[in-house]
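Presented below is the structure to which this report refers.
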Amino acid sequence: MRDDRIIFSKKRLFMYSLDDIDMRLLAAVQNDAQLTSDQLGEILGLSASQAGRRRHKLDTAGYIIGYTARLDPARLGLSIQAFVQVHLNRHSAEHSKALAHLIARQPEIVSAWTLTGEADYLLRVYCATLDDLNRLIQETLLTHPTVARVHSQIVMNQTKDDAPLPMAAD
């Protein structure tokens, strides 16, 4: 199965077609970013150099946007995970930019989304204690001039870990 996509490179626009091997490579590195070219070659039925070239091509084309290590929040003392919905009292590009800047400066906020619907933003937050979460909400978010209110939900248990992206079936 081929998936034709136009890729925007910093240097030029080019067409790149994903084949089955590319899709399997992406699935493999998404599950284990530390795979060596030798290991990838074994998985894909390619030589190590062919697997390495394909990974590099997918990396350069922008399909792979980075490599990270997943850490255990509890082992790092971050025992509180919460989702915080932020509702704005006014909307403008300037206010949205100011709130985005505030969100970006808070290390406890690990991801943020703008939404349609009732809430304007959804924040994923990790804190060491409930007091830390309360301070983030009361002293940081609610003091922002465009924030009308927030709703927070504390995670009791994560029943499914953050999973890899679904890959198209053959």
Side-chain angles (χ1 to χ4, degrees), residues 3 5-10 16 18 22-35 39-40 43 55 58-170:
D3 183 8
R5 300 178 191 224
I6 295 175
I7 303 301
F8 291 92
S9 169
K10 290 181 180 177
Y16 181 73
L18 292 178
D22 293 326
M23 296 297 284
R24 291 186 307 143
L25 185 150
L26 290 170
V29 297
Q30 185 174 214
N31 285 313
D32 184 356
Q34 292 184 319
L35 289 171
Q39 292 168 320
L40 268 177
I43 292 168
R55 181 196 302 220
L58 292 167
D59 219 342
T60 303
Y63 284 94
I64 301 170
I65 58 173
Y67 296 90
T68 62
R70 293 181 59 196
L71 306 179
D72 183 343
R75 299 236 10 201
L76 295 169
L78 300 170
S79 59
I80 306 296
Q81 179 181 188
F83 288 93
V84 178
Q85 294 178 354
V86 177
H87 305 262
L88 302 181
N89 59 18
R90 48 191 150 158
H91 298 83
S92 73
E94 181 182 316
H95 290 112
S96 293
K97 188 175 180 179
L99 184 60
H101 184 68
L102 173 75
I103 289 169
R105 290 192 327 257
Q106 307 309 309
E108 303 91 346
I109 301 172
V110 297
S111 52
W113 300 268
T114 57
L115 305 173
T116 61
E118 188 178 332
D120 296 298
Y121 290 85
L122 178 64
L123 313 177
R124 185 176 190 185
V125 175
Y126 282 94
C127 293
T129 66
L130 285 174
D131 285 341
D132 293 333
L133 177 60
N134 186 51
R135 266 191 296 285
L136 176 68
I137 291 170
Q138 297 294 327
E139 298 173 14
T140 303
L141 296 174
L142 286 173
T143 60
H144 192 274
T146 61
V147 173
R149 65 187 188 283
V150 301
H151 290 126
S152 61
Q153 296 88 32
I154 296 172
V155 174
M156 302 289 288
N157 183 35
Q158 187 168 346
T159 57
K160 181 178 180 180
D161 289 332
D162 295 337
L165 293 174
M167 301 301 292
D170 292 316

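Position 1 is the first residue of the sequence, and the numbers go up from there.
The side-chain heavy atoms of L71 and P73, taken from C-beta on, include no pair separated by under 4.5 Å. Side chains of L26 and M167 form a contact here, defined as non-hydrogen atoms less than 4.5 Å apart. Between R135 and T140 there is no side-chain heavy-atom pair separated by less than 4.5 Å. You'll find the side chain of N134 stays beyond 4.5 Å of the side chain of T129, heavy atoms only. Contact of the Y121 side chain with the I103 side chain is registered, since non-hydrogen atoms from C-beta on lie closer than 4.5 Å. Within the 4.5 Å cutoff, side-chain heavy atoms of L165 are placed close to those of Q30. In this structure the side chain of I80 never reaches within 4.5 angstrom of the side chain of D132, judged on heavy atoms.
With rounding to the nearest 0.5 angstrom, the CG atom of D120 is 13.0 Å from the CZ atom of R90. Between the CG atom in L136 and the CG atom in D131 there is a gap of 12.5 Å [rounded to 0.5 Å]. From Q138, atom CD reaches atom CG of L133 across 9.5 Å, with rounding to the nearest 0.5 Å. Note that CG of L130 and CD1 of I154 are 5.0 Å apart. Values are rounded to the nearest 0.5 Å. The SG atom of C127 sits 10.0 Å away from atom CD of Q106, with the distance rounded to the nearest 0.5 Å. The distance from atom CG of L78 to atom CG of D72, rounded to the nearest 0.5 Å, is 9.5 Å.
At most 12 heavy atoms of other shown residues, nucleotides or ligands fall within 6.0 angstrom of atom CD in E94. In this structure, Q158 places its CD atom where more than 12 heavy-atom neighbours from other residues, nucleotides or ligands lie under 6.0 Å away. Open room surrounds CD1 on I65; 12 or fewer heavy atoms of other groups in view lie less than 6.0 Å from it. Counting heavy atoms of neighbouring residues, nucleotides and ligands inside a 6.0 Å radius, atom CZ of R75 does not exceed 12 of them.
In terms of heavy atoms, S79 sits closest to A128 at OG-O, 2.9 Å. For the residue pair E139 and T143, the shortest heavy atom distance occurs at O-OG1, 2.9 Å.
Not a single donor-acceptor pair under 3.5 Å links the side chain of R149 to the backbone N or O of L142. In this structure, D161 contributes its side chain and A163 its backbone to no donor-acceptor pair below 3.5 Å. No side-chain donor-acceptor contact under 3.5 Å links N157 to the backbone of T159. Within the 3.5 Å criterion, the main-chain N or O of A28 finds no donor-acceptor partner in the side chain of D32.
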* Check against side-chain contact (heavy atoms from CB on, under 4.5 Å), R55 and I64 -> CA-CA 9 Å; R55 181 196 302 220; I64 301 170; 4.1 Å; yes
* Which is it for E118 and Q85 under the side-chain contact (heavy atoms from CB on, under 4.5 Å) test, yes or no, and what are the steps along the way? -> CA-CA 9 Å; E118 188 178 332; Q85 294 178 354; 5.9 Å; no
* Evaluate the criterion side-chain contact (heavy atoms from CB on, under 4.5 Å) for residue pair L123 and V150; output intermediate values, then yes/no. => CA-CA 10 Å; L123 313 177; V150 301; over 6 Å; no
* Begin from the C-alpha positions of Y63 and L25 and carry the test side-chain contact (heavy atoms from CB on, under 4.5 Å) through to its verdict. => CA-CA 11 Å; Y63 284 94; L25 185 150; over 6 Å; no
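Close placement of the H151 and H87 rings is indicated, their centers lying within 6.0 Å of each other.
Using a 4.0 Å cut-off between a side-chain N of Lys or Arg and a carboxylate O of Asp or Glu, R124 and D162 qualify as a salt bridge.
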